Amino acid sequence: MSRKIVAATHPKSINAEQYRTIRTNINFSMPDQELRTLLVTSASPAEGKSTTASNISVVFAQEGKKVLLIDADMRKPTSHHTFKLTNMYGLSTVLTRQGEVEEAIQKTDVENLWVMTSGPIPPNPAELLASKNMDFLYSRLQEDFDLLVFDTPPILSVSDAQIVSNKVDGTVLVINTGQSEKESSLKAKELLLSAKANILGVILNNFNLEKNQYYYQYYGEG
């Protein structure tokens with residue numbers, strides 16, 4: 001398993017503890033509703049949203065929930081590399097009816113955690129995510145899992161995250177310190193709000209509280 005999944009490979013590390021803190025804050029952000037579906041996105045590429053989605057999935061699985069991580073980034077997918085899985089079948093094959101749901105779901109080495117990889121990269125990801133097949137899949141998967149975590153492309157790049165954010169219970173935005181300009185971060189928030197997304201908060205990635213310390217901080221919307 002990839003070293004990027006620190007919540008599983010190094011559960012006593014400060015990074016793993018921060019992901020558990022994020023899990024707690026996400027739970028507290030929806031006190032009157034059970035969180036069943038969560039989207040993780042970023043403003044721009046290379047901000048750590050896929051690593052964050054994977055680790056959030058791990059810590060919720062460690063809590064005892066039956067979790068499915070769905071690689072909805074059908075443009076630049078990474079989950080099959082992260083968890084060392086095959087990608088012959090996945091989200092794209094299910095949405096185009098070229099494969100069954102069951103064969104697109106793979107068990108990971110983490111207890112209670114499964115992954116639906118992206119599948120072969122299609123020519124029309126946004127259209128697939130907005131399709132009736134996606135609505136059906138969304139409902140179907142909630143019958144079998146306690147929590148669905150969607151990893152989507154950066155929101156300023158394509159419309160995919162906006163499409164999915166309108167369907168899920170909550171959305172988390174990942175921002176990389178020193179890389180995301182304030183303007184792009186605000187624009188990302190505006191796009192999510194225009195899609196009527198329920199923004200639970202922002203994860204500030206690579207924030208140095210102390211010298212050379214790798215850190216995650218979660219900021220609720222308030």
Side-chain angles (χ1 to χ4, degrees), residues 1-2 4-5 8 36-42 44-58 60-61 65-172 174 195 197:
M1 186 181 298
S2 170
K4 292 182 178 180
I5 312 302
R36 297 294 311 279
T37 51
L38 177 70
L39 179 146
V40 179
T41 190
S42 60
S44 305
E47 298 202 71
K49 53 95 181 170
S50 293
T51 298
T52 300
S54 296
N55 279 282
I56 286 177
S57 299
V58 169
F60 271 104
K65 292 185 182 294
K66 187 177 181 182
V67 180
L68 177 65
L69 171 62
I70 302 169
D71 195 341
D73 189 341
M74 291 184 286
R75 300 170 190 271
K76 194 176 180 181
T78 59
S79 67
H80 58 293
H81 295 304
T82 300
F83 290 94
K84 300 187 184 334
L85 303 171
T86 62
N87 197 31
M88 182 178 298
Y89 298 100
L91 180 59
S92 64
T93 54
V94 173
L95 294 181
T96 55
R97 299 182 178 179
Q98 296 181 45
E100 299 298 325
V101 173
E102 292 75 16
E103 60 189 355
I105 297 174
Q106 300 180 64
K107 183 73 176 70
T108 72
D109 292 335
V110 178
E111 187 177 0
N112 297 321
L113 178 60
W114 285 257
V115 172
M116 177 180 284
T117 64
S118 69
I121 296 175
N124 56 340
E127 288 79 4
L128 291 179
L129 292 173
S131 68
K132 291 183 178 180
N133 286 344
M134 182 63 181
D135 291 335
F136 172 79
L137 178 64
Y138 180 82
S139 300
R140 164 76 171 76
L141 292 174
Q142 287 191 77
E143 296 176 0
D144 297 326
F145 293 92
D146 299 320
L147 177 64
L148 308 179
V149 180
F150 293 87
D151 175 12
T152 65
I155 193 163
L156 297 185
S157 302
V158 288
S159 62
D160 303 26
Q162 284 180 277
I163 293 169
V164 180
S165 70
N166 182 255
K167 303 174 184 291
V168 298
D169 296 331
T171 294
V172 170
V174 178

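Computed from a prediction, not measured in an experiment: that's the story for all the values here.
For Lys167, the salt bridge (charged side-chain N to carboxylate O under 4.0 Å, His left out) test picks out Asp135, with sequence neighbours left out. Among residues two or more places apart in sequence or in another chain, the salt bridge (charged side-chain N to carboxylate O under 4.0 Å, His left out) test is passed with Glu102 by Arg140.
A donor-acceptor pair is defined here as one N or O able to donate and one able to accept, closer than 3.5 Å; such a pair exists between the side chain of Asn166 and the backbone of Ala195. With Thr51 contributing its side chain and Gly48 its backbone, the two residues share no donor-acceptor pair below 3.5 Å. Glu47 places a side-chain N or O within donor-acceptor distance of the main-chain N or O of Ser44, the cut-off being under 3.5 Å. Remark: the backbone N or O of Tyr89 is paired with a side-chain donor or acceptor of Thr117 at under 3.5 angstrom. The closest donor-acceptor contact from the side chain of Thr37 to the backbone of Asp169 lies under 3.5 Å. Checking side-chain atoms of Lys66 against main-chain N and O of Ala61 turns up no donor-acceptor pair under 3.5 Å. With Thr171 contributing its side chain and Leu39 its backbone, the two residues share no donor-acceptor pair below 3.5 Å. A distance-only check finds a donor-acceptor pair linking the side chain of Ser131 to the backbone of Met134 [under 3.5 Å].
In terms of heavy-atom proximity, Leu91 sits nearest to Asp71 at CD2-O, 3.9 Å. Closest approach of Arg97 and Asn133 over heavy atoms only: NH2-OD1, 3.0 Å. Val149 approaches Ala53 most closely through the heavy-atom pair CG1-O, 4.1 Å. Residues Pro125 and Pro123 share a closest heavy-atom pair of CD-C, 3.5 Å. In this structure, Gln162 and Ile155 approach most closely via the heavy-atom pair CG-CD1, 3.7 Å. Ala72 and Pro153 get closest at one heavy-atom pair: O-CD, 3.7 Å.
The distance from atom CG of Leu156 to atom OG1 of Thr41, rounded to the nearest 0.5 Å, is 8.5 Å. Gln106 CD to Asn87 CG: the interatomic distance, rounded to the nearest 0.5 Å, is 8.0 Å. Met116 CE to Ser92 OG: the interatomic distance, rounded to the nearest 0.5 Å, is 10.0 Å. The CG atom of Leu68 sits 9.5 Å away from atom CG of Asp144, with the distance rounded to the nearest 0.5 Å. For the atom pair NZ of Lys4 and OG of Ser50, the computed distance is 8.5 Å after rounding to the nearest 0.5 Å. In this structure, Thr52 OG1 and Asp151 CG are separated by 9.0 Å, a value rounded to the nearest 0.5 Å.
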Set out, in order, the CA-CA distance, both residues' side-chain angles and the distance that settles side-chain contact (heavy atoms from CB on, under 4.5 Å) for Met74 and Leu128, then state yes or no. CA-CA 10 Å; Met74 291 184 286; Leu128 291 179; 4.2 Å; yes

Audit row: Ile121, Arg75, side-chain contact (heavy atoms from CB on, under 4.5 Å) steps and yes/no: CA-CA 6 Å; Ile121 296 175; Arg75 300 170 190 271; 5.7 Å; no

Between Ser54 and Leu69, does the side-chain contact (heavy atoms from CB on, under 4.5 Å) criterion hold? Intermediate values first, please. CA-CA 7 Å; Ser54 296; Leu69 171 62; 3.8 Å; yes

For Asp73 and Thr78, what are the C-alpha separation, side-chain angles and deciding distance, and is it a side-chain contact (heavy atoms from CB on, under 4.5 Å)? CA-CA 8 Å; Asp73 189 341; Thr78 59; over 6 Å; no

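No donor-acceptor contact under 3.5 angstrom links the side chains of Thr152 and Asp160, judged on distance only.
Around atom CD of Gln142, more than 12 heavy atoms belonging to other residues, nucleotides or ligands sit under 6.0 Å away. For Gln98, the CD atom sits in a packed shell: over 12 heavy atoms of surrounding residues, nucleotides or ligands are nearer than 6.0 Å. Within 6.0 Å of atom NZ in Lys76, 12 or fewer heavy atoms from other residues, nucleotides or ligands are found, so the atom counts as exposed in its surroundings.
Here ring-ring contact (aromatic ring centres under 6.0 Å, His included) pairs that include residues 101-148, with residues two or more places apart or in two chains, are Trp114-Phe145.
Looking at Asp109 and Lys84, no side-chain N of the basic residue comes within less than 4.0 Å of a carboxylate O on the acidic one, giving no salt bridge. Using a cutoff of 4.0 Å between basic side-chain nitrogens and carboxylate oxygens, Asp146 and Arg36 are not scored as salt-bridged.
Two residues are said to be in side-chain contact when any heavy atoms from C-beta on lie closer than 4.5 Å; Leu38 and Ile56 meet this criterion.
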